[in-house]
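Here is the structure we will look at.
Any value given below was found using the heavy atoms of this structure, including those in side chains, with hydrogens, waters and symmetry copies removed. In this text the structure is predicted, and so the values were computed from the model without any measurement.
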Amino acid sequence: MIFVRDKGRMCNNILQYGHLYAWGREHGLTTMSMRFAYKYQYFHICDTPYHNPLTYVCAKYAAKWGLIPTVSFHEKDADTTPQEQQMLRHRFLVAEGWEARWYDLFLKYKKEILALFAFRERVTQPVDQQLASLPKADLRLGVHIRRGDYRTWNGGRYFYTDEQYLRPISQFISQHPDQRVQVFICGNDPSLDKEFFTHRLSSAEVYFPEGNPGQDLYLLSCCDYLMGAPSTFSLVASMYHDTPLYWIMDAEAPLTETSFGTFDELFRHIL
């Protein structure tokens with residue numbers, strides 16, 4: 001069995017586990033996500049065998065005490081043959097690291113990965129009720145505003161202001177003049193200026209869901225289009241229904257139809 005371990009945020013963990021699940025599936029090996037054994041209890045995977053705190057603790061300390069080996073994937077674009085041979089050789093081991101990547105295998109087993117990360121009813125029910133209570137829209141645009149650690153990550157390259165987020169949202173609305181557009185803005189900025197967006201986007205209906213991370217992810221996955229700074233959160237939201245996603249790589253670039261990409265393309269270019 002491969003015990004998958006890492007420290008990143010929720011959607012980083014989903015993608016990392018997805019790659020190792022796909023590799024294990026291809027080679028007839030069972031995998032278990034140590035992260036989803038005790039944290040982020042929003043998904044079906046948390047109800048599957050071995051995903052419980054006891055298994056997590058046993059694997060954690062078995063690796064810490066050297067009872068089982070650990071293989072690491074920390075080098076970008078490195079030859080992973082030695083690690084793969086080790087995973088095939090040992091009955092139990094821990095695999096860790098963000099650079100575990102098998103894109104083609106991930107896509108091969110994508111439906112199974114999606115099934116594992118299907119949302120629990122306690123996540124979907126309040127969101128479905130909220131959406132059902134709103135007026136019928138022609139288009140739903142989900143926006144993920146990522147701040148927090150983005151102030152310093154990658155030199156603050158993707159730490160955008162409200163004005164910089166507003167620009168592509170406004171362009172999207174203006175490109176659909178005859179359609180009723182609802183904009184759902186989620187993010188990790190507790191001081192988000194909601195009045196600014198509501199006032200400046202007066203031609204659309206603007207909502208600010210205040211759910212937990214699982215509910216925000218599910219809500220974004222229900223939208224027709226997604227946009228936001230490059231982030232695994234918006235990327236995973238697009239994965240569920242192949243939703244067109246615009247990663248704002250350049251806040252000054254004009255928005256066009258070709259600005260939107262798909263999960264199957266974009267997940268090969270995560271940072």
Residues P213 and F233: closest non-hydrogen pair is O-CZ, 3.5 Å

Residues T70 and A63: closest non-hydrogen pair is OG1-CB, 3.9 Å

Note to self: Looking at D242 and K110, is there a salt bridge between them, counting it only when a charged N and a carboxylate O are closer than 4.0 Å?
What the structure shows: yes

Of all heavy-atom pairs linking S234 and A229, the shortest is OG-O, 4.0 Å

Apply side-chain hydrogen bond (donor to acceptor under 3.5 Å, both in side chains) to the pair Y218 and D128, showing each step before the final yes or no.
CA-CA 9 Å; Y218 174 61; D128 289 341; 2.7 Å; yes

Pairwise side-chain contact, F159 with Q164, heavy-atom cut-off 4.5 Å (strictly under):
no

### Query
Are side-chain heavy atoms of M87 and L20 found at a separation under 4.5 Å?
yes

- Determine, step by step, whether F267 and F106 satisfy the ring pair (Phe, Tyr, Trp, His ring centres under 6.0 Å) criterion, reporting the C-alpha distance in whole Å, the side-chain angles of both residues, the deciding distance to 0.1 Å, and the verdict. CA-CA 10 Å; F267 93 123; F106 190 109; 5.1 Å; yes

Rounded to the nearest 0.5 angstrom, the CD-CG distance for Q179 and D138 is 5.0 Å

One should read off an interatomic distance between L255 CG and I173 CD1, to the nearest 0.5 angstrom, of 11.0 Å

request  = Mind running salt bridge (Lys or Arg N to Asp or Glu O under 4.0 Å) on D47 and R120 for me, showing each step along the way?
outcome  = CA-CA 9 Å; D47 298 318; R120 285 172 155 176; 2.4 Å; yes

Ion pair D189/R146, N-O distance below 4.0 Å: no

Check whether R25 reaches the backbone of K108 with its side chain - one donor and one acceptor, N or O, closer than 3.5 Å. no

Between F197 and F208, the two heavy atoms sitting closest are CB-CZ, 3.9 Å

message: Quick check on E265: does its CD atom have over 12 non-hydrogen neighbours (other residues, nucleotides or ligands) under 6.0 Å away?
response: yes

Value for CD (Q182) from CG (L134), rounded to nearest 0.5 Å, stands at 5.5 Å

Mind running ring pair (Phe, Tyr, Trp, His ring centres under 6.0 Å) on W23 and H27 for me, showing each step along the way? CA-CA 6 Å; W23 187 91; H27 295 87; 4.1 Å; yes

**Message:** Could you walk me through whether Y240 and F119 satisfy the ring pair (Phe, Tyr, Trp, His ring centres under 6.0 Å) test, starting with their C-alpha distance in whole Å, then the side-chain angles of each, then the deciding distance to 0.1 Å, before giving a yes or no?
**Reply:** CA-CA 10 Å; Y240 285 92; F119 296 94; 4.8 Å; yes

key: Test item: side-chain donor near acceptor, Y42 and Q215, under 3.5 Å   = no

Indicate yes or no: at least one non-hydrogen side-chain atom of I145 is less than 4.5 angstrom from one of L192.
-> yes

For L235 and S238, the nearest pair of non-hydrogen atoms, with its separation, is O-OG, 2.7 Å

Margin query: Go through it in stages, so that I can follow the logic: the residues are T30 and I2, the test is side-chain contact (heavy atoms from CB on, under 4.5 Å), and I'd like the CA-CA distance, side-chain angles, deciding distance and then a yes or no.
Written below: CA-CA 6 Å; T30 302; I2 301 171; over 6 Å; no

Correct closest heavy-atom pair for P244 and D224 would be CD-O, 3.4 Å

In this structure, NZ of K39 is separated from OG of S33 (nearest 0.5 Å) by 11.5 Å

field: Exam field: side chain N154 to backbone R157, donor-acceptor pair closer than 3.5 Å
entry: no

Checklist entry - Counting only heavy atoms not in H74, do more than 12 sit closer than 6.0 Å to its NE2 atom? => result yes

Do W98 and Q16 pass the side-chain hydrogen bond (donor to acceptor under 3.5 Å, both in side chains) test, and can you show the C-alpha distance, the side-chain angles, and the key distance before you say yes or no? CA-CA 6 Å; W98 179 233; Q16 182 221 22; over 6 Å; no

Working for side-chain hydrogen bond (donor to acceptor under 3.5 Å, both in side chains), residues E163 and Y165: CA-CA 5 Å; E163 285 283 355; Y165 277 106; over 6 Å; no

The remaining residues in the hydrophobic cluster of V94, counting side-chain heavy-atom contacts under 4.5 Å among Ile, Leu, Val, Met, Phe, Trp and Tyr, are M1, F3, M32, M34, Y38, Y50, Y56, V57, Y61, W65, L67, I68, F92

Side-chain donor-acceptor pair present, T262, D264, cut-off under 3.5 Å:
no

**Prompt:** Does any non-hydrogen side-chain atom of Y160 lie less than 4.5 Å from one of L166?
**Reply:** no

Exercise for review: Check whether the ring centres of F172 and Y225 lie less than 6.0 Å apart, and answer yes or no.
Suggested key: yes

Discussion item. Membership question, hydrophobic clusters at under 4.5 Å side-chain separation (ILVMFWY): are F73 and L88 in the same one?
Written reply: yes

In this structure, CD1 of I113 is separated from CG of L107 (nearest 0.5 Å) by 8.5 Å

**Message:** Quick check: do Q86 and Q83 have side-chain heavy atoms less than 4.5 Å from each other?
**Reply:** no

A quick test of your reading: do over 12 heavy atoms of other residues, nucleotides or ligands sit less than 6.0 Å from CD of Q129? yes

Notebook entry, point to check: Salt bridge check: are R147 and D162 linked by an N-O gap of less than 4.0 Å?
Noted result: yes

- Can you check whether L245 reaches T243 side chain to side chain, under 4.5 Å on heavy atoms? no

Would you say Y17 and D6 are linked by a side-chain donor-acceptor pair, where the criterion is simply a distance under 3.5 Å?
no

Identify whether the distance between the nearest side-chain nitrogen and carboxylate oxygen of R9 and D149 falls below 4.0 Å. yes

Rounded to the nearest 0.5 Å, the SG atom of C11 sits from the CD1 atom of I270 at a distance of 11.0 Å

Worksheet item: Is the centre of the Y103 ring less than 6.0 Å from the centre of the H19 ring?
Response: yes

Under the criterion ring pair (Phe, Tyr, Trp, His ring centres under 6.0 Å), I'd like the reasoning laid out for F36 against H51: C-alpha separation, chi angles, the key distance, then a yes or no. CA-CA 7 Å; F36 293 100; H51 287 88; 7.9 Å; no

*asked:* Could you check whether E210 pairs with K194 (Lys NZ or Arg NE/NH1/NH2 to Asp/Glu carboxylate O, under 4.0 Å)?
replied: yes

Quiz prompt | pair E205-V181: side-chain heavy atoms closer than 4.5 Å | solution = no

Item to check | Worked check of side-chain contact (heavy atoms from CB on, under 4.5 Å) between L217 and F43 | outcome: CA-CA 11 Å; L217 185 67; F43 308 99; 4.1 Å; yes

- Message: Please determine whether a side-chain nitrogen of the Lys or Arg among D104 and R268 lies less than 4.0 Å from a carboxylate oxygen of the Asp or Glu.
- Response: yes

Would you say the side chain of E99 lies within less than 4.5 Å of the side chain of E75, judging by non-hydrogen atoms?
no

**Residue pair E96, K7: steps toward the salt bridge (Lys or Arg N to Asp or Glu O under 4.0 Å) verdict** = CA-CA 9 Å; E96 63 178 12; K7 292 182 178 179; over 6 Å; no

side-chain hydrogen bond (donor to acceptor under 3.5 Å, both in side chains) evaluation trace for Y207 with Q130: CA-CA 11 Å; Y207 302 95; Q130 177 189 6; over 6 Å; no

Evaluate L131 against F184 for side-chain contact (heavy atoms from CB on, under 4.5 Å), listing each step before the verdict.
CA-CA 11 Å; L131 294 177; F184 297 88; 3.7 Å; yes

